[in-house]
Amino acid sequence: MSDFFDSDIVKEGLQEINELQSQIYGNSFKFGAMNYEDKINHIEKLTHLLEKQKLMFTRISLSKDPEAIALKEHLEQSVQLLGFPEG
């Protein structure tokens, strides 16, 4: 593994992102049946996940580590395949 991905901060950030994604995706299909409070909680988790993802992308973007650079390029290509504009 690279220096970037060996960092405890990066490992913890990625672990938290994975846990949030699992919770969110697990409840996404139940959203319509949720009560008001559960919907608010779900949206707050989504917001928290997006903040964590933005922070991780910033870390990746600032890194000179070859694996981080490769991951950033892969993420940018994936986003374009989803129909988002470049950049």
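Note that these values count all heavy atoms, side chains included, but never hydrogens, waters or copies made by symmetry.
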Is there a side-chain contact between [X] and [Y] in this structure, where contact means two heavy atoms from C-beta onward sitting under 4.5 Å apart?
X: Ile9; Y: Arg59; result: yes
X: Glu86; Y: Val79; result: no
X: Leu20; Y: Glu16; result: yes

Say you draw a straight line from [atom1] of [X] to [atom2] of [Y]; how long is it, rounded to the nearest 0.5 Å?
X: Leu75; Y: Ile60; atom1: CG; atom2: CD1; value: 6.0 Å
X: Phe4; Y: Leu62; atom1: CZ; atom2: CG; value: 9.0 Å
X: Gln21; Y: Leu46; atom1: CD; atom2: CG; value: 10.5 Å
X: Gln53; Y: Leu14; atom1: CD; atom2: CG; value: 10.5 Å
X: His42; Y: Thr47; atom1: NE2; atom2: OG1; value: 10.0 Å
X: His74; Y: Ile69; atom1: NE2; atom2: CD1; value: 16.0 Å

request  = Apply side-chain contact (heavy atoms from CB on, under 4.5 Å) to the pair Asn41 and Glu37, showing each step before the final yes or no.
outcome  = CA-CA 6 Å; Asn41 186 31; Glu37 286 182 31; over 6 Å; no
query = Glu19 and Gln15: side-chain hydrogen bond (donor to acceptor under 3.5 Å, both in side chains), yes or no, with the steps?
reply = CA-CA 6 Å; Glu19 289 171 5; Gln15 179 65 29; 2.9 Å; yes
ask   = Distance-only, no hydrogens or angles: does the Ser28 side chain make a donor-acceptor pair with backbone N or O of Ile24 under 3.5 Å?
value =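 Between the backbone of Ile24 and the side chain of Ser28 there is a qualifying donor-acceptor contact (under 3.5 Å).
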